[in-house]
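Remember, it's a predicted structure, so these values are computed and weren't measured experimentally. Both counts, for ligands and for their atoms, begin at 1 and track the order of listing.
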Amino acid sequence: MSTTPLDETPMLRISVYGTGYLGATHAVAMAELGFQVMGVDTDVHKVEALAAGKVPFYEPGLPELLEKQLATGRLHFSADLAAAAAWGDVHFICVGTPQQKTSHAANLSYVESAVSTVARNLTKDALIVGKSTVPVGTAAGLRTLVAQLAPAGVDVELVWNPEFLREGKAVNDTLHPDRIVVGGASERAQATMRQVYATPIAEGTPVVMTDLPTSELVKVSANAFLATKISFINAIAAVCEAADADVTVLADALGHDVRIGRQFLDAGLGFGGGCLPKDIRALMHRATELGAHRAAALLQQVDEINMGQRAAVIDLALEACGGSVLNRRIGVLGAAFKPETDDVRDSPALNVAAALHLRGAQVTVFDPQAGDTARKSFPTLSYATSIEEAVEGSDVLLVLTEWSQFVDAHPEKLASLANVARVIDARGKLIPAEWRSAGWQFRGLGRAAA
Ligand code: UGA
């Protein structure tokens, strides 16, 4: 077995398990930082696509960087987990931790399986780095697993290094993170992590070295705080609406207070996606298990307010159509859970579109990137290929994801296409006066009705 300390290895070999939004971006970014990288996935189609320079999802900037790194010869993709485990020095675990089907808890089977495979197939000293979002206490259990499975004579350590990247901004967030958190690292592992992140550290990115449970909790607490901020402004939006105040102006005014900040104060349809909803639920579940009932109760409220926003938009659509949407044509702009992604996991936009379809409306959805992913999840909705096609003949138009092309659309041109020029802005990004002067009846969450 090698006895070379990892921090003295001339060029670290980095393997990355899981090539979804997190892992694919991480693998490409590690190559960009100059390392030899092996991206690994059990899904052969994903591996083949990435090896051929194709990113199997929409992420701005990633295809260009993938192509650049494949050309350097530093970046490879493989479906052979065992071979990657034997090859690498540092093993990043980037597999998903979706919500379990039968409870709010996180499904840890993919993480456990990846860590087990790596541990079993090590042939030299190694560092396993967990990046997946896990409930507090998971990493300690994984350490036991690694100790049981790693071959005798191999010195292996497991640390946690949560990821804070946002979809749509994943490349920049990975190359220039706003903090690097590492949990449970020995001095040697700390040195290796500093070697891996030498470039962002040199740029001034702060490093927080801490214990395993704190590192696990930093990640879910960050997402829980962001979710709480969104639900706070959505609760205030309801007060604004009842009092004829404007929540968008209110949010701008709040945002000038540096203690509060303007980000994540956009009132509207609320949060969705593959992270915030499942992470607050997993934290709720874990907090309850640990007896921290107040945290669980707070997050329950956050979740309820958030889901209530979807119901509020459905109600506005029903009201706009005189109480029933049966056989009404509804144009929907937006399917992705936010702009600059094709991800429709727990998308509030699709949720609303599907609910109105179930009530008998003819719903036509347009999204600049998420049409294909949306069709796979909701094949019974109609999909348009342009804004105009979605607006054509509509009795009410819903703006459910704030893609810039929707925000910049010309209300005069669109008014002539609609059957009834009636718009519901569920993301607070349209300018009511412009739409009203173009002849539209305008409703927005947290804004005066007239
Ligand atoms: C989120 C976090 O922002 C990342 O830091 C984290 O790394 C990631 O989850 C993760 O755990 O992997 P992401 O899911 O890409 O990132 O999306 P966000 O940009 O956080 O947006 C989440 C949702 O909140 C979207 O549906 C968005 O429309 C909604 N949102 C956001 C609002 O409703 N209002 C706002 O003011 C901001």
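- In this structure Thr214 satisfies the side-chain contact (heavy atoms from CB on, under 4.5 Å) test together with Thr210, Asp211, Val218, sequence neighbours excluded.
- Contact check on Glu340 versus Arg166 returns no salt bridge, with no Lys/Arg side-chain nitrogen under 4.0 Å from an Asp/Glu carboxylate oxygen.
- The immediate protein surroundings of ligand 1, defined as residues with any heavy atom under 4.0 Å of it, consist of Glu163, Phe164, Leu165, Arg166, Glu167, Lys219, Asn223, Leu226, Ile230, Phe264, Leu265, Asp266, Gly270, Phe271, Gly272, Cys275, Leu276, Asp279, Phe337, Lys338, Arg427.
- Applying the side-chain hydrogen bond (donor to acceptor under 3.5 Å, both in side chains) test between Lys278 and each of Asn223, Asn107, Thr97, Asp346 identifies Thr97 as the sole match.
- In this structure, Trp403 and Tyr58 have tilted ring planes: the angle between them lies in the 30° to 60° band.
- A 4.5 Å side-chain heavy-atom check between Arg310 and Leu269 finds at least one atom pair inside the cut-off.
- Crowding of Glu67 atom CD: a count of heavy atoms from other residues, nucleotides or ligands under 6.0 Å not exceeding 12.
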